[in-house]
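So the structure is just underneath, and the comments pick up after that.
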Amino acid sequence: MTAQVSVDEQMRVLMRGVEYGDPNIQRTMEEDLRERLSLGKPLRVYCGFDPTSTDLTLGNMVPMLKMRQFQRLGHDVTFLIGTMTGLVGDPSDKTAARQMLTVEQVESNAQTWLRQVFRVLDPDKTTIERNGDWLASLTLAEVVQLASNFTVAQFLEHETFRNRMAEAKPLYIHEFIYALMQAYDAHHLKTDVQLGAVDQLFNIMAGRQLQRALGERPLIAVTTPLLKGTDGVLKMSKSVGNYVGLDEAPAEMYGKLMSIPDSLMPNYFTLLTEVPSEELAEIERGLAAKTLNPMEAKKRLARSVVALLYDDGQAEAAQAEFERVFQRREEPEEAQELPLALDQDGKASVDITLALSVAGVAGSRSEARRLLQQGGISIDGQPIKEAQVELAEGSLIRVGRHRFLRVVAADG
RNA sequence: GCCAGGGUGGGUGAGUGGCUAAAACCGACGGUCUGUAAAAUCGUUGCCCUGACGGGCUACGCAGGUUCGAAUCCUGCCCCUGGCACCA
């Protein structure tokens with residue numbers, strides 16, 4: 001399999017969209033990768049993810065997609081769940097030490113992840129590992145031995161730590177250990193390539209250093225840019241709320257992708273789709289020359305991402321739904337149900353503010369009232385002003401831009 | 001253990017006895033516009049009652065206290081951070 005694709009072609013695919021933040025490192029890694037690919041043997045590739053939250057986002061998908069590319073080229077890919085590293089918490093890119101998680105939290109997060117991983121990766125060709133399996137049993141003597149391969153100065157040079165020192169913020173010993181653990185993972189897995197977001201470069205290079213110190217062949221780091229969130233400004237993250245989850249329904253995912261700033265499109269295309277580079281170039285040219293409607297390009301993007309995570313049919317359906325609901329302002333195909341006790345005519349007179357808060361569409365009755373006052377509520381296309389409304393079975397309540405409720409008869 | 005600084009709404013962060021449901025900014029939400037983009041613009045942004053005027057309740061780490069009145073003063077406690085001491 002590997003032999004069928006030329007090294008040049010592999011390099012072209014694998015180096016698409018990578019980012020190192022340092023041209024020297026990039027050059028070295030490219031050379032090393034080319035050299036190792038030319039041996040013609042499948043490479044051992046891994047990428048670790050710390051189960052610190054319940055859902056994976058499109059941000060996590062960027063390195064996952066890179067894993068998939070390796071996988072398709074016939075390399076051995078391991079999805080490593082950081083059951084141990086997740087406990088400690090990665091200090092990279094953090095201004096303060098992260099809260100340590102419990103074993104239970106980590107395990108439960110890991111479980112939900114496994115459901116999501118295979119939307120991107122081929123389950124038959126992916127090895128799943130948990131680093132707790134080997135890290136947990138290390139003895140203190142072994143940890144000390146491991147630590148002896150690194151110097152404090154190396155860590156203090158790391159930007160994250162340096163900044164923290166400069167700002168007189170706490171810096172804990174266990175945060176140093178994090179990089180050691182990752183290094184040990186790389187050694188344990190006898191890895192040829194470690195993938196990760198570019199903010200992981202320090203940790204990944206620690207693995208390279210350890211392997212070299214142990215007389216092993218040092219791994220090649222392949223790092224991807226951090227994906228910007230849907231706001232187009234900050235890094236995509238759950239805590240900021242500017243994220244798209246891998247688990248989200250196609251229509252929702254499609255909609256969120258349509259709401260990203262235009263400027264983000266090239267970035268998303270490169271990092272989240274497998275649209276060939278030549279086509280991307282064409283799209284960018286079209287956008288620059290204004291011969292291509294940005295909305296059309298974005299639809300293509302949204303469709304591509306949904307198709308990658310689901311399938312073409314669902315992507316088409318998501319697009320159709322989007323066009324129907326948001327472009328033509330027609331009714332959605334599916335809506336959350338609002339069960340109401342109806343009279344014999346199939347109608348009910350209710351206080352809409354109460355109904356919305358009970359249904360959880362509005363956080364409180366006050367919030368529902370505000371929505372009403374601001375003209376944010378309509379029933380079957382008619383904006384309403386009064387809280388007391390007549391609803392019938394099948395009535396469609398639209399709240400704000402994109403929340404819908406369909407009235408159904410309550411049981412009993 | 002000691003010294004110092006600090007704990008305010010989703011976030012940053014004002015406020016040092018009543019004019020404070022708490023400035024400002026950000027975010028978020030809603031309207032107009034529109035391509036669920038950007039920009040613009042108007043508005044909302046603790047909870048509950050009311051059609052509205054208005055009223056009630058809860059809130060500034062926790063628990064008490066002083067006061068007609070406390071986010072603001074006092075006491076105790078908890079937590080965060082830096083430094084020092086102990087270990088050496």
- Message: Going by ring-ring contact (aromatic ring centres under 6.0 Å, His included), name the residues that satisfy it together with A:Tyr310, two or more places apart in sequence or in a different chain.
- Response: none

- In whole Å, what separates the P atom of B:A22 from that of B:G9? 15 Å

- Task: Return yes when atom CD of A:Glu334 has more than 12 non-hydrogen atoms of other residues, nucleotides or ligands closer than 6.0 Å, and no otherwise.
- Result: no

- Message: Any heavy-atom pair between the side chains of A:Leu396 and A:Pro332 that's under 4.5 Å?
- Response: yes

- Measure the distance from NE2 on A:His402 to C1' on B:A37 and round it to the nearest whole Å. 15 Å

- Task: Take atom CG of A:Leu264 and atom C1' of B:U36, then tell me their distance rounded to the nearest Å.
- Result: 15 Å

- Message: When both hydrogen-bonding distances must be under 3.5 Å and the geometry is Watson-Crick or G-U wobble, what is B:C47 paired with, if anything?
- Response: B:G56

- Just name whichever nucleotide pairs with B:U81, Watson-Crick or G-U, keeping both distances under 3.5 Å, else none. B:A4

- Task: Could you name each residue pair satisfying ring pair (Phe, Tyr, Trp, His ring centres under 6.0 Å) that touches residues 226-284 of chain A, not counting sequence neighbours?
- Result: A:Tyr254-A:Phe322

- Using a 4.0 Å heavy-atom cut-off across all strands, classify A:Lys299 as base, sugar-phosphate, or nothing. nothing

- Task: Examine A:Phe155 together with A:His158 and report whether their ring centres are nearer than 6.0 Å.
- Result: no

- Check the distance between B:A37's P and A:Glu296's CD and give it to me in whole angstrom. 15 Å

Are any protein N/O atoms closer than 3.5 Å to N/O atoms in nucleotides 31-34 of chain B? If there are, list each pair with its distance.
from	atom 1	to	atom 2	distance (Å)
B:G31	O4'	A:Gln374	O	3.4
B:U34	O4	A:Arg329	NH2	3.2

Protein and nucleotides 45-48 of chain B: nitrogen or oxygen contacts under 3.5 angstrom:
from	atom 1	to	atom 2	distance (Å)
B:C47	OP1	A:Ser364	OG	2.8
B:C47	OP2	A:Arg370	NH2	2.5
B:C48	OP1	A:Arg365	N	3.1
B:C48	OP2	A:Arg365	N	3.3
B:C48	OP2	A:Ser366	N	2.8
B:C48	OP2	A:Ser366	OG	2.6

- Message: Tell me if the side-chain of A:Asp262 makes a donor-acceptor pair with the base of B:G35, cut-off 3.5 Å, by modelled atom types.
- Response: yes

- Test item: side-chain donor near acceptor, A:Glu142 and A:Thr139, under 3.5 Å: yes

- Message: Between A:Gln388 and B:G51, is there a contact of a side-chain N or O with OP1 or OP2 at under 4.0 Å?
- Response: no

Heteroatom pairs (N/O) under 3.5 angstrom, protein to nucleotides 20-25 of chain B:
none

- Partner nucleotide of B:U75 by Watson-Crick or wobble geometry (both distances under 3.5 Å): B:A63

- Message: Under 4.0 Å, counting only non-hydrogen atoms across every strand here, what does A:Pro261 touch: a base, just sugar-phosphate, or nothing?
- Response: sugar-phosphate

Could you list, one pair per line, each protein nitrogen or oxygen that sits under 3.5 Å from a nitrogen or oxygen of nucleotides 9-12 of chain B, together with the distance?
none

- Message: Surrounding CD of A:Glu337 (heavy atoms of other residues, nucleotides or ligands, distance under 6.0 Å), is the total greater than 12?
- Response: no

- Quick one: label A:Gln327 by what it contacts on the DNA or RNA (base, sugar-phosphate, nothing), any heavy atom closer than 4.0 Å. sugar-phosphate

- Under 6.0 Å from the NZ atom of A:Lys299, do we count more than 12 heavy atoms belonging to anything else shown? yes

